[in-house]
Amino acid sequence: MPGLVPLVEAAFAPLFDQLRPGAPALVRVSQRADYQVDGALPLAKALGRPPREVAEEVLAKAWEGDLAALCEKAEVAGPGFINLTVSAEAMAAQLAVLRPGASGLGAPRPDRTLRVVVDYGGPNAAKQMHVGHLRSSIIGDAIVRMLEAVGHEVVRENHIGDWGANFGMLVEHLVDLGEDRAAHELAMGDLEGFYQAARAAYEADPGFAERARARVVMLQSGEPGTMALWRSLVDASVNHFDQDFHRLGVKLSRDDVVGESYYNPMLDRVVSELSEAGLLVESDGALCVFPPGFANRDGAPLPLIVRNSAGGYTYAATDLAAVRDRTERLRADLVVYVVGLPQSQHLAMVFEVARMAGWLTRGEQLVHVGFGNVLGPDGKMFRTRQGGTVKLSELLAEAEERARSVVVGRTGGTAQDLAGDVDEVVRAVGTGAIKYADLSTDRVRDYRFDWDRMLSLDGNTAPYIQYAHARVLSIFRRAGEATRLAERSGDFLPPADPEERELAKALLSFGEAFADAVDGFAPHKLCGYLFDLASQFTRFYEKCPVLNAPAADLVRSRLALCAATGAVLATGLDLLGIQAPERM
RNA sequence: GCCCCCGUAGCUCAGUGGACAGAGCGGCCGCCUUCUAAGCGGAUGGUCGCAGGUUCGAACCCUGCCGGGGGCGCCA
């Protein structure tokens, strides 16, 4: 596997372990050298020896081993840090190992392939997708892509809200409109309007409300006519979701829809299993489980209500059934819930109840990958100027419109280079900007939606990285050869210029950045890396002529650096679900 | 009242135990005869919310407090 940190790690880890089993080497990139090894400090404390002495000893042994082949300089500094300067030859040798694709570029290979179910806490049927659903789709998509790239087997499940009391009112509204007109309206895409109209009727007309309630009963009893109407509503919604997902460019489709209704047949069994496990308690007419560690307003135990006093199953029951289904039928080793942070307590309770019920016998992990809200530029919840929710389709349309004016309006006309690809570039830049803005900050924070910033070519943005990538390809177009990374791998000279050296280091750090991102379900770590790589490349590009380099072998070597950069940028962006246009 | 998340430069954010805390934007000063200047370089800018504690070492871990957001039994 390419990469420098693993080599340094390999050179030092056994030595620390030898002095004290389990003692880590603590290898990190350094600001004072290339890498630093910090393990001597905590180890010295444990051994009761001076830290510098321990560091000297470890370094001497390492140097006798493989380190001399890797580094041109190694010294103990400060209280006991080991600073390493990698030789240019070793860098060139490592660069030559790079191959196309995530794993060839250093992606980690886990010791066990996991079966992972990723739950996108989906939108509600009969409602429009809006910004609130953006984060789940975008973050979930990036996580799925990363997990797949390291070799895990991923099952996507879009857990849409396609069941519940609301559907009584929606079906009844559909009946009032007449099926034909309703079908037309739903096909036109005005799901929000349909929902609002149903809601309004429910609140204003007691007769309608009564019929809606009766309709809920018919729905729950599976009355065929009602079911058919319900199905048509759900289908219409899924059609729209499918379009939005396609347009967003996420790996989600109608095939991944596993709505709440799917679990209806399993709910009785879930409840009886909980009952057999002795977990079920009746309280005020509702069936509850009281997992320890959760308290309500008054300090009393907080229930997870699986069936309400009216005899209806709650979403807690559905979520528990989903855990059962995923671990049992799908044999999931890991279930990742890409769901907003406000659900954290609910999910924690569901996870705990699943554990108490004895459903997790194979060491299955249930993980909540939570995220914050989308805020407008003013720092408040993101809304339209009129105060309504922003529809996803309109948001994407605006992104492309803004991206177009940025792309086409640049430098007076070099956009002609784009030829007929303008639409494609505009799409890649627009949706890429939105996705990257979302992914590039720690997901647990609320994130501020700001058109100007996300579409800027300066700073940690998608367009900046895409631009760096396009510049790489521009060099190859000019060189008039379709150079591929694999064909270039023998051409690296030891990097001599500081800009070459820094670029090489960045290229060889992909593996660590990717591993950190995937381990922590933290796409922003990959974003930060890509921004750093793009920055290093741009500096290199400014200082080091490629095609006009003074010697033929230097031209080839720099072309090889460019090829590797292009490969890492394109691969990294792809892992985030972002396209890398050839020209901008 | 209890629980969870957040609080780092004017703004937006990285960094969550290791050596003087980083980046982008905005403002200031420079750089296009030469592969895309949609760019690059430089200078400036911080009591890491506050106070204790643990540690050889704390923005990072622990406790308390302050500020912002969210959650806390029959909606999902």
Side-chain angles (χ1 to χ4, degrees), chain A residues 26 28 30-32 36 38-39 41-42 44-45 51 77-81 83 121 124 159 161 163-166 260 283-288 290 293-310 312 314-316 318-319 340-346 348 370 372-373 375 377 379 381 406-407 409-411 414-415 417 429 437 440-442 444-448 450 452-453 455-461 463-464 466-468 470-479 524-525 527-528 531-532 535 538-539 541-549 558-559 562 583-584:
Chain A
L26 302 177
R28 328 180 308 133
S30 177
Q31 291 173 0
R32 309 181 170 226
Q36 64 183 61
D38 298 344
L41 283 89
K45 178 72 177 173
F81 302 105
N83 289 344
N124 286 322
H159 194 80
W163 197 251
N166 274 343
E260 291 170 350
S283 174
D284 297 336
L287 292 180
C288 309
F290 290 88
F294 298 91
N296 70 11
R297 236 174 266 278
D298 308 315
L302 184 68
L304 185 68
I305 298 176
V306 294
R307 211 181 70 188
N308 63 30
S309 55
T314 64
Y315 79 130
T318 305
D319 284 340
L341 245 13
Q343 296 287 337
S344 59
Q345 181 175 263
H346 167 72
N373 293 313
L375 306 179
M381 289 295 283
V406 170
V407 167
R410 64 184 262 242
T411 61
T414 24
D417 298 348
V429 172
S440 59
T441 63
D442 191 345
V444 301
R445 301 172 68 114
D446 289 346
Y447 117 80
R448 207 169 278 239
D450 184 328
D452 292 333
R453 189 177 305 118
L455 282 163
S456 168
L457 265 296
D458 297 304
N460 190 8
T461 67
Y464 177 84
Q466 289 170 322
Y467 179 54
R471 287 172 114 179
V472 170
L473 297 195
S474 162
I475 290 174
F476 287 112
R477 263 198 307 281
R478 207 164 270 268
H524 80 281
K525 296 192 176 185
C527 292
F531 174 57
D532 182 57
S535 303
T538 310
R539 287 183 199 117
Y541 182 89
E542 292 281 331
K543 286 278 174 56
C544 305
V546 177
L547 300 175
N548 304 323
R558 287 181 174 171
L559 274 172
C562 291
R583 304 171 193 234
M584 282 180 73

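Keep in mind that this is a model prediction, so the values were computed, not measured. Numbers restart at 1 for each chain; the letters A, B, ... are given by sequence-line order, proteins then strands.
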Measure all distances between protein nitrogen or oxygen atoms and nitrogen or oxygen atoms of nucleotides 22-26 of chain B, and list the pairs falling under 3.5 Å.
residue: G22(B); atom: OP1; partner: Gln31(A); partner atom: OE1; Å: 3.4

Report all interatomic pairs (protein N or O, nucleotide N or O of nucleotides 55-61 of chain B) with separations under 3.5 Å.
residue: C56(B); atom: OP1; partner: Lys45(A); partner atom: NZ; Å: 2.1

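Across all strands shown, His524(A) has heavy atoms under 4.0 Å from sugar-phosphate atoms exclusively, and none from any base. Base engagement by Asn83(A) is indicated by at least one non-hydrogen atom pair under 4.0 Å involving a base atom. Arg28(A) comes within 4.0 angstrom of sugar-phosphate atoms only, judged by non-hydrogen atoms across all strands, and of no base. If you check every strand for non-hydrogen atoms under 4.0 Å, Ala470(A) touches a base. The residue Lys525(A) sits close only to the backbone: its heavy atoms come under 4.0 Å of sugar-phosphate atoms, none of a base. At a threshold of 4.0 angstrom between heavy atoms, the contacts of Gln343(A) include nucleobase atoms, whether or not backbone atoms are also involved. Backbone-only engagement by Thr441(A) is indicated by non-hydrogen atom pairs under 4.0 Å involving sugar-phosphate atoms exclusively. In this structure, Ala77(A) reaches the bases: a heavy-atom distance under 4.0 Å links it to at least one base atom across the strands shown. Contact annotation for Pro342(A): backbone-only contact, meaning every heavy-atom pair under 4.0 Å involves sugar-phosphate atoms and none involves a base. If you check every strand for non-hydrogen atoms under 4.0 Å, Cys544(A) touches a base. Cys288(A) comes within contact range of at least one nucleobase, with a heavy-atom separation under 4.0 Å. Ser474(A) comes within contact range of at least one nucleobase, with a heavy-atom separation under 4.0 Å. Asp284(A) comes within 4.0 angstrom of a base, heavy atoms only. Contact annotation for Ala295(A): backbone-only contact, meaning every heavy-atom pair under 4.0 Å involves sugar-phosphate atoms and none involves a base.
For His159(A), the ring-ring contact (aromatic ring centres under 6.0 Å, His included) criterion is met by Tyr263(A), not counting sequence neighbours. Here Arg445(A) pairs with Asp442(A) under the side chain to side chain contact (heavy atoms under 4.5 Å, CB included) rule; sequence neighbours left out. The ring-ring contact (aromatic ring centres under 6.0 Å, His included) check on Phe81(A) picks up nothing, with sequence neighbours excluded.
Counting to the nearest Å, the C1' atom of C2(B) and the CG atom of Leu302(A) are 11 Å from each other. The interatomic distance linking Tyr464(A) (OH) with A38(B) (P) rounds to 13 Å, in whole Å. The CG-C1' distance, from Asn548(A) to U36(B), rounds to 14 Å in whole Å. For the pair Arg32(A) CZ and C20(B) P, the computed distance is 6 Å after rounding to whole Å. Leu455(A) has its CG atom 16 Å from the P atom of A38(B), to the nearest Å. Rounded to a whole Å, the CD atom of Gln345(A) is 7 Å from the P atom of C72(B). Note: CD1 (Ile305(A)) to C1' (C74(B)) measures 4 Å, nearest angstrom. Atom CZ in Arg478(A) sits about 10 Å away from atom C1' in U34(B), given to the nearest Å.
Counting only heavy atoms from C-beta on, Asn308(A) has its side chain closest to C74(B) among C74(B), C13(B), U36(B). Of the candidates A38(B), C35(B), A76(B), C35(B) carries the atom nearest the Leu547(A) side chain, counting heavy atoms from C-beta on. Nearest to the side-chain atoms of Asp446(A) among the listed nucleotides G69(B), C5(B), U36(B) stands G69(B).
Contact annotation: side chain of Gln36(A) to base of A19(B), donor-acceptor pair present below 3.5 Å. Donor-acceptor pairing under 3.5 Å, judged by distance alone, is present between the side chain of Ser283(A) and the base of G73(B).
You'll find the side chain of Ser283(A) reaches within 4.5 Å of the side chain of Cys288(A), heavy atoms only. Between Val472(A) and Tyr541(A), the closest side-chain pair of non-hydrogen atoms is not below 4.5 Å. For the pair Tyr315(A) and Asp319(A), the minimum side-chain heavy-atom distance is below 4.5 Å. Contact annotation: the side chain of Pro301(A) never approaches that of Asn296(A) to less than 4.5 Å [non-hydrogen atoms, C-beta and beyond].
G69(B) sits 27 Å from C75(B) when the P atoms are compared, rounded to a whole Å. G15(B) and G22(B): their C1' atoms are spaced 7 Å apart (whole Å). The gap from the C1' atom of G1(B) to that of A9(B) amounts to 37 Å, rounded to the nearest Å.
At least one side-chain nitrogen or oxygen of Arg448(A) sits closer than 4.0 Å to the OP1 or OP2 atom of U12(B).
Counting only distance, with no hydrogens or angles, the side chain of Ser474(A) and the backbone of Ala470(A) share no donor-acceptor pair below 3.5 Å.
Both geometric conditions, a ring-centre gap below 5.5 Å and a plane tilt below 30°, are fulfilled for Phe81(A) over the base of A19(B).
Taken together, the paired segments of RNA chain B that extend over three or more consecutive Watson-Crick or G-U pairs, each closer than 3.5 Å at both contacts, are B:1-7 with B:66-72, B:10-13 with B:22-25, B:28-31 with B:39-42, B:49-53 with B:61-65.
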